[in-house]
Amino acid sequence: MEPNLSIVLDQVSRDKGIERKILVSALEEAILASAKKAFGMDRNLVAEFNEEKGAVDLTQTITVVVELTDAANEFTVAQCEELEIEVEEGDEMVFPIYYLEEDAQAAQEQDEEYGDILRLKTYRHSFGRIAAQTAKQVIMQRIRDAERGIVYGEYKDRRGEMVTGIVRRFERGNLIIDLGRAEAILPAREQAPRESYRSGDRVSAFVKEVQEIARGPQIVLSRTCPEILIKLFEAEVPEIHEGIVRIESAAREPGARAKIAVASSDRDVDPVGACVGMKGSRVQAVVQELRGEKIDIVPWSPDPATFVCNALQPAEVTRVLIDEANQRMEIIVPDDQLSLAIGRKGQNVRLASEVTGWKLDIYSESRINEIKDRAWVSLGKVEGCNEFMIQTLYNHGIRSAGDLSGAERDFIAQFPGLQEEGLDDLLASARVVAKEERASEAAAEIEAQRAVRAANAAKRLQAILGLSAEDRIRKIRGLGETSLKALLEGGYNTLEAVAEATVEKLAEDTELLDRKAKQLVYGAKTAIKDENEIRELAEQYEIEVVDGVAKLPFDEAAEAEAEAEAAADDTEATEEVAAADEAKATKDVAAADDAEATEKAAGEDAQEVSPALNEVEESEANTEGAGA
């Protein structure tokens with residue numbers, strides 16, 4: 001007896017979590033496919049699940065016609081009359097097809113009654129084996145499709161959420177993560193550089209994408225996107241979950257550093273302090289999850305300049321120049337803060353640019369002064385540009401005559417202090433100055449390139465100047481120690497001697513093979529040729545050799561400049577010494593004056609004390625006389 005399929009369907013539906021109607025449809029499709037394969041693909045068969053029997057009923061519809069065109073699905077009126085079937089043309093007759101063992105008696109009666117009209121008797125014997133194989137394949141495929149649909153339906157709405165899974169295996173650098181009912185992929189490009197995993201490790205990741213492909217839904221995870229940073233803070237900071245604190249933006253360089261901008265809707269709640277937590281507990285939890293990635297939490301501000309300054313912390317910002325049209329800012333910082341503002345390999349300014357959404361250019365104070373000086377020089381050459389106009393142009397981002405000549409006339413006309421009638425002359429003069437500056441820059445570039453080539457030529461010349469005769473011989477290509485020893489023993493002590501010798505003579509004197517001698521002669525000539533080319537190139541650049549040292553023609557100017565600087569330093573040192581001597585002399589004079597004043601005061605005191613002493617002496621003398 002065949003098992004009741006209703007019970008089986010209920011059990012599979014509970015175990016797999018698949019709706020029962022999907023399983024019923026799969027079963028009907030499987031029986032229909034196997035029946036068509038067994039009885040013929042042309043038959044008009046219908047499969048329908050019978051809930052009472054717990055099996056699939058299979059039927060075939062036959063149409064009554066006058067002339068037979070489709071033998072598999074049509075009966076003629078004459079055939080029906082022979083079987084004593086009362087029908088008319090166009091009627092449809094539905095015949096059940098018995099394929100189960102329990103219906104064997106009914107199948108036999110059907111064959112006896114209709115004979116070869118249905119032509120089923122021959123095919124019934126092979127139906128069981130074919131049905132089992134085909135139905136199994138169809139049902140398994142439909143169950144797999146249903147499971148994939150369930151997984152896709154579950155995770156398509158979880159895009160943008162955090163999930164946790166276990167690493168199962170590695171495929172070409174990608175991690176396959178087991179999420180329970182589904183497997184997800186963590187591509188190598190979405191893995192942080194510092195992170196490494198082993199099979200069985202638990203991983204938390206961000207669901208970046210859910211794709212429905214032929215093999216089933218593909219869940220793509222990420223550990224590098226900024227969204228994972230936001231989700232981790234949402235999980236750690238209750239104020240973010242409650243909506244009191246908002247994360248306005250975030251930027252990451254995975255594995256190295258990250259920045260988030262936070263704001264608060266409650267004045268009494270500090271957004272930065274809420275994200276940091278007591279003794280940094282909250283932010284440390286996020287850092288630990290990201291494997292030590294450093295996180296900067298900056299306060300968000302509706303004012304772009306203030307927001308950018310906060311994002312560049314701990315660097316101090318002196319000034320901010322805003323170009324709203326191009327969404328760009330020029331940040332000016334003190335010279336000692338430039339490296340701090342830029343960060344390691346530009347990391348700080350890159351993250352600040354991403355978190356603020358502005359393009360940032362960092363300049364030091366000295367660099368800005370240089371740019372300003374060049375702008376003043378360039379714009380000062382334009383006829384009609386006074387100090388006020390140059391300052392106005394500079395404030396609007398025009399830093400040279402070239403910028404002025406390339407600017408639109410309507411844009412320039414909006415500037416205060418510019419007269420409409422003189423604007424065309426101003427732009428014409430700017431074009432002339434810009435052309436002269438471009439020519440000057442091109443000439444300077446050519447001169448710089450020539451200086452580089454001259455320096456390379458001097459370097460090559462210096463390399464051959466210090467070579468001894470034996471070192472020059474070693475320049476012969478293909479010369480080994482044995483051949484060098486043979487040349488020296490044969491009396492060939494210079495490169496020129498080897499080049500001028502004939503092959504036969506060289507082979508005879510050195511006892512080398514003719515082929516080797518020919519190679520050495522050719523190599524010596526090539527080496528001399530290379531040296532001559534280096535010397536000719538040095539002459540072309542007017543390089544002179546002084547005391548065995550190759551000197552460039554502009555070295556003299558450099559030496560003169562250095563001597564002038566040294567003389568200036570000597571003069572400055574002499575002036576400092578003279579100033580020190582003068583100060584010392586002044587100090588000595590002051591000391592002498594003090595001593596003189598002290599002596600004078602002492603003399604006056606002595607003059608005041610002398611009469612008193614005289615009076616005391618006279619009084620003592622009188623006393624002695626009275627006693628006598």
Side-chain angles (χ1 to χ4, degrees), residues 335 338-339 342 344-346 364 366-367 370-371 373-374 377 436-501 503 506 510 512 516-570:
D335 291 358
L338 180 63
S339 59
I342 294 175
R344 185 178 182 182
K345 298 181 180 179
S364 63
S366 57
R367 174 64 176 165
E370 292 177 5
I371 295 175
D373 292 342
R374 286 202 299 268
V377 171
E436 294 175 354
E437 289 181 347
R438 286 194 294 270
S440 177
E441 291 174 359
E445 180 67 21
I446 293 173
E447 186 63 27
Q449 294 177 359
R450 186 180 186 280
V452 171
R453 290 193 294 268
N456 292 334
K459 184 178 180 180
R460 295 177 63 187
L461 179 61
Q462 187 63 47
I464 66 175
L465 289 177
L467 295 178
S468 62
E470 183 176 337
D471 291 336
R472 293 182 65 211
I473 295 176
R474 289 180 182 274
K475 291 291 184 180
I476 300 175
R477 183 175 300 177
L479 178 67
E481 292 297 330
T482 304
S483 301
L484 176 62
K485 184 178 180 182
L487 288 176
L488 296 177
E489 291 177 353
Y492 295 92
N493 299 321
T494 62
L495 187 63
E496 287 75 12
V498 179
E500 294 171 358
V503 175
L506 184 65
T510 59
L512 296 173
K516 187 65 176 178
K518 182 178 180 181
Q519 178 186 0
L520 296 178
V521 171
Y522 178 78
K525 292 180 179 180
T526 302
I528 292 176
K529 181 181 177 182
D530 292 342
E531 290 184 355
N532 292 335
E533 290 178 353
I534 292 174
R535 295 181 186 278
E536 290 175 0
L537 187 63
E539 291 178 0
Q540 179 181 347
Y541 289 108
E542 300 179 358
I543 299 173
E544 298 180 354
V545 179
V546 179
D547 298 332
V549 178
K551 288 198 172 186
L552 296 170
F554 42 81
D555 282 353
E556 297 178 359
E559 289 179 359
E561 184 177 353
E563 291 177 358
E565 291 180 358
D569 293 340
D570 294 340

Whether the Glu536 and Gln540 side chains hold a donor-acceptor pair (N or O, under 3.5 Å, no angle test) is what I'd like checked.
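Absent: no donor and acceptor within the cut-off.
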
Any sub-3.5 Å donor-acceptor pair from [X]'s side-chain atoms to [Y]'s backbone N or O?
X: Thr510; Y: Leu506; value: yes
X: Thr526; Y: Tyr522; value: yes
X: Asn493; Y: Ala469; value: no

[X] side, atom [atom1]; [Y] side, atom [atom2] - distance, nearest 0.5 Å:
X: Arg472; Y: Ile464; atom1: CZ; atom2: CD1; result: 8.0 Å
X: Leu338; Y: Ser366; atom1: CG; atom2: OG; result: 8.0 Å
X: Glu500; Y: Thr494; atom1: CD; atom2: OG1; result: 7.5 Å
X: Ile473; Y: Leu467; atom1: CD1; atom2: CG; result: 11.5 Å
X: Glu531; Y: Lys529; atom1: CD; atom2: NZ; result: 13.5 Å

For [X] versus [Y], what's the shortest heavy-atom pair and its separation?
X: Leu479; Y: Leu484; value: CD1-N, 3.6 Å
X: Ala550; Y: Ala458; value: CB-O, 3.9 Å
X: Val521; Y: Ala499; value: CG1-O, 4.0 Å
X: Ser483; Y: Leu520; value: CB-CD1, 4.4 Å
X: Tyr492; Y: Val498; value: CB-CG2, 3.9 Å

Member of Ile534, Leu537, Asn456 meeting the side chain to side chain contact (heavy atoms under 4.5 Å, CB included) criterion with Leu461
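Among Ile534, Leu537, Asn456, the one meeting side chain to side chain contact (heavy atoms under 4.5 Å, CB included) with Leu461 is Ile534.
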
Is it true that Glu441 and Arg438 have a side-chain N and a carboxylate O under 4.0 angstrom from each other?
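No, Glu441 and Arg438 are not salt-bridged.
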
Any pair with a residue in residues 475-490 that passes salt bridge (charged side-chain N to carboxylate O under 4.0 Å, His left out), sequence neighbours left out, goes on the list, sorted by first then second residue, please.
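Matches after skipping sequence neighbours: Arg474-Glu481.
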
Taking atom CD as the centre, does Glu542 end up with more than 12 heavy-atom neighbours from other residues, nucleotides or ligands that are less than 6.0 angstrom away?
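12 or below, so no.
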
Can you confirm whether Gln462 sits close enough to Lys459 that some side-chain heavy atom of one is under 4.5 Å from a side-chain heavy atom of the other?
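No, every pair of side-chain atoms sits at 4.5 Å or beyond.
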
Just so I know, are the side chains of Leu552 and Ile543 near enough to count as touching, which here means a heavy-atom distance under 4.5 Å?
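With C-beta onward as the side chain, the pair touches.
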
